[in-house]
Amino acid sequence: MSVTNPLDPAKLQTALETVHRAGMPGLFAEVRDGDETWRGAAGVADVATGRPVTADMRHRVGSITKTFTAAAVLQQVDEGEIGLDTPIGHYLPRLVPGERGAAITVRMLINHTSGLAEYLPHAYPSLAAFPAVAKTTPDSLDDHRFTRFDPTELIAMGVAAPATGTPGGTPGVYSNTNYLLLCQLLELTTGTSAEKCITRNVIERAGLRDTELPDGPYINGPHSLHYEAWFGMIEPPRDYSVFDMSWVGPSASLISTVADLNRFFGLLLAGEIISRSSLAQMQRTVPVISFEGKTLDYGLGLQKTAVPGHGTYWGHEGSVWGGGAISMISADGKRQVSIAVNLQRWNQLGSAQQPHPIDDALRALTQLALGG
């Protein structure tokens, strides 16, 4: 039986400040428990000026975008326009030709079991050795700050790269190539861009006033700078809040707030974004290996997390250059947590066995926010 403790604002604020003191420039969060809501922030949005972060700031939330994109695809499934178990080659034969196109289904793209490789190390030359991080450098982050990538060219890089597994095989391997293909599929079936489709059918439908898929390199409205450390290779960490997000598009480019994220996941699990039958499909999980080498319990754009003493939580986490976020909701929909941070890849190389103080402090904050 799961037991969730009531919100304790003082403890939550202290936990936020502990993460800041551990080395996080700034972070902010919203926790909901039934009808109660707590928001808090700690630290700075700009280390040079000391401007503080606030809980209502807009922020790049990375791969949390994937839940929005998956929801847009599942709406098309609900309308009979897309078949979850139809091969992607049926829809996009030029992008995934031949036997692979016939073997990889839409479902395999959404849950990362397609076997299609990640394109990023091929688009960013200094990351070519990834996941061997020690052999990478962050040079490409600066080189491509204003590069406008063509999504079909990125997809072609992923399709041409050596497969990470057989279609439908588990564990799957996390890959943005899958979601750029889903965006092309949305464009085909709706006759509009994936960005417009997701904006109209998911963001606006959910009433998210501070959430958008950007069409340029800037974050509109009040926001924090986004500090990237790239495992200690960028010292001091550099701001990448101004960045052309076409390198990920609607697989990880979303800008949102912690309040909007909680609203979205609350409506999603309540069956108000997609049908109950599609939500049930979304919650069918398989093991998937993340970029960091962790095994995720992954559904159709949803991560499942078992929280000891508090039951099952659903949601997603995300990271871009300098920005990160996590959003989780309990299976009964009562408790929700969204946290945004403005520093990424703070762990030094070779320190895998000795976590940074930020890791322990963030874990403690998340545990407290999830129910004590």
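- Of all heavy-atom pairs spanning Asn347 and His356, the tightest one is ND2-N, 3.5 Å.
- Not counting sequence neighbours, Phe130 has no partner by the ring pair (Phe, Tyr, Trp, His ring centres under 6.0 Å) test.
- For Tyr179, the ring pair (Phe, Tyr, Trp, His ring centres under 6.0 Å) criterion is met by His112, not counting sequence neighbours.
- Applying the side-chain hydrogen bond (donor to acceptor under 3.5 Å, both in side chains) criterion to Thr192, with sequence neighbours excluded, gives no partner residue.
- Looking only at distances, a side-chain donor or acceptor of Ser275 sits under 3.5 Å from a matching main-chain atom of Ser278.
- Every side chain to side chain contact (heavy atoms under 4.5 Å, CB included) that Glu79 has, sequence neighbours left out, goes to Gln76, Glu81.
- Each of Tyr119, Tyr240, Trp321 was compared with Trp247 under the ring-ring contact (aromatic ring centres under 6.0 Å, His included) criterion, and only Trp321 meets it.
- Scanning all heavy atoms of the two residues, the minimum distance from Ala55 to Gly40 falls at CB-O, 3.8 Å.
- Sorted by first then second residue, the salt bridge (Lys or Arg N to Asp or Glu O under 4.0 Å) pairs that include residues 340-349, not counting sequence neighbours, are Glu228-Arg345.
- In terms of heavy-atom proximity, Leu109 sits nearest to Ile104 at CD2-CG2, 3.9 Å.
- For the salt bridge (Lys or Arg N to Asp or Glu O under 4.0 Å) condition, the pairs that include at least one residue of residues 44-63, sequence neighbours left out, are Arg58-Asp210, Arg58-Glu212.
- The salt bridge (charged side-chain N to carboxylate O under 4.0 Å, His left out) check on Arg363 picks up Asp360, with sequence neighbours excluded.
- Within a 6.0 Å sphere centred on CZ of Arg200, heavy atoms belonging to other residues, nucleotides or ligands number more than 12.
- Checked against the 6.0 Å centroid criterion, the rings of His59 and Phe28 qualify as a close aromatic pair.
- For Arg209, the CZ atom sits in a loose shell: 12 or fewer heavy atoms of surrounding residues, nucleotides or ligands are nearer than 6.0 Å.
- Ser175 meets the side-chain hydrogen bond (donor to acceptor under 3.5 Å, both in side chains) test with Thr177; sequence neighbours excluded.
- Across all their heavy atoms, Asp85 and Arg107 have their closest contact at OD1-NE, 2.9 Å.
- A 4.5 Å side-chain heavy-atom check between Trp314 and Thr285 finds at least one atom pair inside the cut-off.
- Listed by first and then second residue, the salt bridge (Lys or Arg N to Asp or Glu O under 4.0 Å) pairs that reach into residues 248-276 come to none, sequence neighbours excluded.
- When all heavy atoms are compared, the tightest approach of Tyr91 to Leu188 is O-CD2, 3.4 Å.
- Judged as a side chain to side chain donor-acceptor pair (under 3.5 Å), the pairs with a partner in residues 298-307 (not counting sequence neighbours) are, in order, Tyr298-His316, Gln303-His316, Gln303-Glu317.
- Listed by chain and residue number, Tyr124, Phe149 satisfy the ring pair (Phe, Tyr, Trp, His ring centres under 6.0 Å) test with His144 (two or more places apart in sequence, or in another chain).
- Within a 6.0 Å radius of CG in Asp143, other residues, nucleotides and ligands contribute more than 12 heavy atoms.
- There is a side-chain donor-acceptor pair under 3.5 Å between Asp359 and Trp346.
- Judged by distance alone, the side chains of Lys196 and Ser193 never bring a donor and an acceptor atom under 3.5 Å apart.
- In this structure, the side chains of Leu254 and Phe68 come closer than 4.5 Å at one or more pairs of heavy atoms.
- Sequence neighbours left out, the pairs with a member in residues 237-253 that pass salt bridge (Lys or Arg N to Asp or Glu O under 4.0 Å) are Asp142-Arg238, Arg148-Asp244.
- Nearest approach of Ser327 to Ile64, heavy atoms of both residues: N-CD1, 4.0 Å.
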